[in-house]
Structures are given as C-alpha cells and as structure tokens.
There are 2 protein chains.
Amino acid sequence: MKISGGVEWSLHCCVVLSQAEGPVPTARLADLHGVSKSYLAKHLQSLARAGLVHPTEGRDGGYVLTRAPGDITVLDVVQAVDGAGPAFRCTEIRQQGLLAAPPEQCTAPCGIAKVMADAERAWRNTLSGVTIADLAATLDVSVLKATLEASG
Amino acid sequence: MKISGGVEWSLHCCVVLSQAEGPVPTARLADLHGVSKSYLAKHLQSLARAGLVHPTEGRDGGYVLTRAPGDITVLDVVQAVDGAGPAFRCTEIRQQGLLAAPPEQCTAPCGIAKVMADAERAWRNTLSGVTIADLAATLDVSVLKATLEASG
DNA sequence: CTTGACTCGGACAACACTTGTCGGAGTAAA
DNA sequence: TTTACTCCGACAAGTGTTGTCCGAGTCAAG
C-alpha cells in the first residue's frame, strides 16, 4: 500500500492558495516549497481536472481555489491526485479453481472484499473530516502571508 | 493508493489452511484457487517470513498456520504481504523552500502528516478487527473440507 | 493595434516497483 | 540408498509512477 508523493505537495499548495489573494503561478508554488516546478505542474493539472482549482492563463495568471477552504476536504485532494478507485479490487477467485463456488452463492460480496471495503470507508471518512481550512489553522498563517507578499 | 494483488490470494489461502488437517503444499493451494503456482509461492514465502505460516519440506510437506485462526487478523496478512510501512511518508517540505519553517516549530508533526496517520490508523483498526476464523465463518466450510479431502 | 512575455497543457523519456517464471538446494519418506 | 517431492532464492517482463521538456494560447503593456 502506497500513496503517490504528489499528494503531499498538492495539499501544501492548497493551503498556500487558501491564504493567497490572487492567482499563484506554478513557478512560485514550486519555489515556496523547494520542489521541481515541472513535476508539480502535473499534479496541479490533476487538481484542475477535478475542479478543485481554476487556472488563469497569460501574464499574472496562476491557480485559484474554486471553493472556500472550508468546503475542500483532504479526501478531495487525495482522490484528485491519487485516483478515486478502490485500493483493493476483488478478482472473484472464489469462482475459480477446484473449489469454485456456484454463481448463485456469489450474490453478496465475499467476506474478504467486505472487510477491505469497510477499512477503506473508514480511511476515507477520516480524510473527509478535515478541510484545507483546518490545515491552515494549525500553522502560523501570518508568516505565510508575509512570504507570499515578499515573493510577489 | 493501491494494494498488492497477492493480498487477496494470501487471505484465501489462510482460510483454506484454517480448515485443513495437515500441511498443504503450494501446488494444491494454487489449483484450488486457479492461480499461478510460481507466483503464489512468492507470497507464501512472505507469510512464512512474517511467522504466520510454518513450512514443512520434503514429501507430504506444505504450509501450516502457526497460530489459531482466531488469533490471526486480516491486518497481519496484509502487512506480511504488502509491507508494514506507512502509505504516506511526510518529506518535511515545510522545512524547505522560501517559506521554510524554523526547526523549533517542527517538533510536532505537521497537520497533513497527522491526518494521514489518523486515517491509516482507522484503516488498520478495521482490518485488525476481523480474523481468519471470522472469514471462514462467512462461507460454507463443509464444501471446502470435502474438496480438500477429494484433492488430497 | 503590435509586441512581448508569461501562463497552462499535453506529449516525451527514465526510473522503480510489481508481477510473473525458472531451476537449484534441501528434506522426508520409501 | 534411492527417489520424488518440498520450499527457497535468483532471474526477466510488464506496468505504473516519477521527472522533464517544449509548444499553443492568453493577458498585459507599450
């Protein structure tokens, strides 16, 4: 089990965007966090495709959050970058091999798939309980805003 | 986020082993589930390394559960096959780039890492609440035992 | 209106991991 | 002693992620 590294970058970027006044370009977000600009751009595109951020092209362009920071959950960002599909996919091997069960017994999902689904549900539920606004509240936003102004 | 496909195979194998009388070799486990024997062997080795199953070599050898089915949780199997490390690894990018925070502010984990850890904790908690015995109880064990006898 | 520079967007390699396979060392029974 | 069967490690192929680049479009300035 592994989560794409771009998730961390994207979450930090969303926190920055929640405190910014206007659009913030990819290059500045990369400099602020000390990461590769080219690679960060890919993840921001994922956020744009998911409708979490809105791009503005041309001079003085950049990205802006489409919703209020309190209306964007951590789960939204994770699913946008890492994909929304389930981590565990049941291949129905109970219907294969020597001890294949008859299809009429397989109307309900097998116990293994059920436990995995429950676990992922608990995982998503925790992530959906925290918003970008909550994350921003845990750190000193004054220094963040000051750095944003100075680098602009 | 993705979970290794071998997890499903390993869980099904553990359920079979919980109902078997003596050692079950890799070849029979593969035939019972209709999967590749060579590849299944690799995952069973992971289970052996984790101490969940015990191998017996030579003729009439195979794998046996080391503990009672009620003492082996789904989490044990998942961690044995897929690895026990956390899915999310914080790279401390808050200490890098233009808005790097001073180290004295970074004694506590950042909010992002905290949420991710909480979510994974909830995930593991769900998986550790179900045992191999629970999984075996959800299906008809009589047909399983009959197939085991017939193929032995 | 022209110019210019800056923005995002998708197409293009390199790397790592997972998946899949094989033959060899060792062991227990016959 | 022989034999056949078992597990175990090392060896390729495929797939997804990581990382990078240059071009099309756009807005502001002159």
Side-chain angles (χ1 to χ4, degrees), chain A residues 1-10 13 17 20 22-31 33-66 78 80-85 87-89 91 93 151-152, chain B residues 1-10 13 17 20 22-31 33-64 66 78 80-83 85 87-89 91 93 151-152:
Chain A
M1 172 161 165
K2 183 161 161 279
I3 287 183
S4 165
V7 169
E8 185 180 9
W9 297 9
S10 300
C13 287
L17 289 179
V24 183
T26 305
R28 190 175 305 169
L29 286 172
D31 289 340
H33 297 104
V35 300
S36 160
K37 166 198 162 188
S38 309
Y39 191 28
L40 179 61
K42 171 167 297 195
H43 297 304
L44 292 175
Q45 286 176 27
S46 298
L47 294 182
R49 260 189 290 261
L52 297 178
V53 299
H54 180 71
T56 309
E57 293 196 350
R59 187 189 167 98
D60 296 346
Y63 286 102
V64 184
L65 292 182
T66 55
V78 171
V81 176
D82 207 47
F88 181 86
R89 264 170 290 274
T91 57
I93 69 179
S151 69
Chain B
M1 172 160 166
K2 183 159 159 281
I3 287 185
S4 165
V7 169
E8 186 181 9
W9 297 8
S10 301
C13 286
L17 290 179
V24 183
T26 305
R28 191 175 306 169
L29 287 172
D31 289 340
H33 297 103
V35 299
S36 160
K37 166 197 163 188
S38 310
Y39 191 28
L40 178 61
K42 171 166 297 193
H43 297 304
L44 292 176
Q45 287 176 27
S46 297
L47 295 181
R49 261 188 291 261
L52 297 179
V53 298
H54 180 70
T56 308
E57 293 197 350
R59 186 190 167 98
D60 294 346
Y63 286 102
V64 184
T66 56
V78 171
V81 176
D82 208 48
F88 181 85
R89 262 170 290 273
T91 56
I93 69 179
S151 70

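Quick note on labels: first sequence line is chain A, next is B, and so on, each numbered from 1.
Not a single donor-acceptor pair, N or O on each side, falls under 3.5 Å between the base of D:dG16 and the side chain of B:K2. You'll find a donor-acceptor pair under 3.5 Å spanning the side chain of A:K42 and the base of D:dG19, going by distance alone.
Taking side-chain N and O atoms only, A:S36 has no distance below 4.0 Å to OP1 or OP2 of D:dT18. Note on A:R49: a side-chain N or O is less than 4.0 Å away from OP1 or OP2 of C:dG10. Between B:T26 and D:dT6 there is no side-chain polar atom (N or O) within less than 4.0 angstrom of OP1 or OP2. Of the side-chain N and O atoms in A:Q45, one or more sit less than 4.0 angstrom from OP1 or OP2 of C:dG10. Residue A:Y39 places at least one side-chain N or O closer than 4.0 Å to OP1 or OP2 of D:dT18.
Between B:P55 and B:Y63 the shortest heavy-atom distance is CB-CE2, 3.7 Å. Residues A:E8 and B:T91 share a closest heavy-atom pair of OE1-OG1, 2.8 Å.
The distance between atom NE2 of B:H43 and atom P of D:dC8, rounded to the nearest whole Å, is 15 Å. At whole-Å resolution of the value, CG in B:D60 and P in D:dC7 are 11 Å apart. The distance between atom CH2 of A:W9 and atom P of D:dT17, rounded to the nearest whole Å, is 15 Å. The separation between B:L29 atom CG and D:dC5 atom P is 17 Å, rounded to whole Å. A straight line from CD of A:E57 to P of C:dA5 spans 18 Å, rounded to a whole angstrom. Taking atom CG of A:L40 as the reference point, atom P of C:dG9 lies 13 Å away to the nearest angstrom. A straight line from CD1 of A:I3 to P of D:dT17 spans 13 Å, rounded to a whole angstrom. The nearest whole Å value for the distance from the CG atom in A:D31 to the P atom in C:dC6 is 14 Å.
In this structure, A:K37 and A:T56 both approach DNA chain D, and ranking their closest nucleotides by distance from the 5' end singles out A:K37. Nearest-nucleotide positions on DNA chain D for A:G58 and A:S38 put A:S38 closer to the 5' end.
The side chain of A:S4 sits closest to D:dT18 out of D:dT18, D:dC7, D:dA28.
Between the OG atom of A:S10 and the CG atom of A:L47 there is a distance of 4.5 Å, given to the nearest 0.5 Å. Here A:T66 contributes atom OG1 and A:L52 contributes atom CG; the two are 6.0 Å apart, rounded to the nearest 0.5 Å.
Residues B:V24 and B:L17 form a side-chain contact, since some pair of their non-hydrogen atoms from C-beta on lies under 4.5 Å apart.
No engagement by A:G6 is indicated, since no non-hydrogen atom pair under 4.0 Å with the nucleic acid exists.
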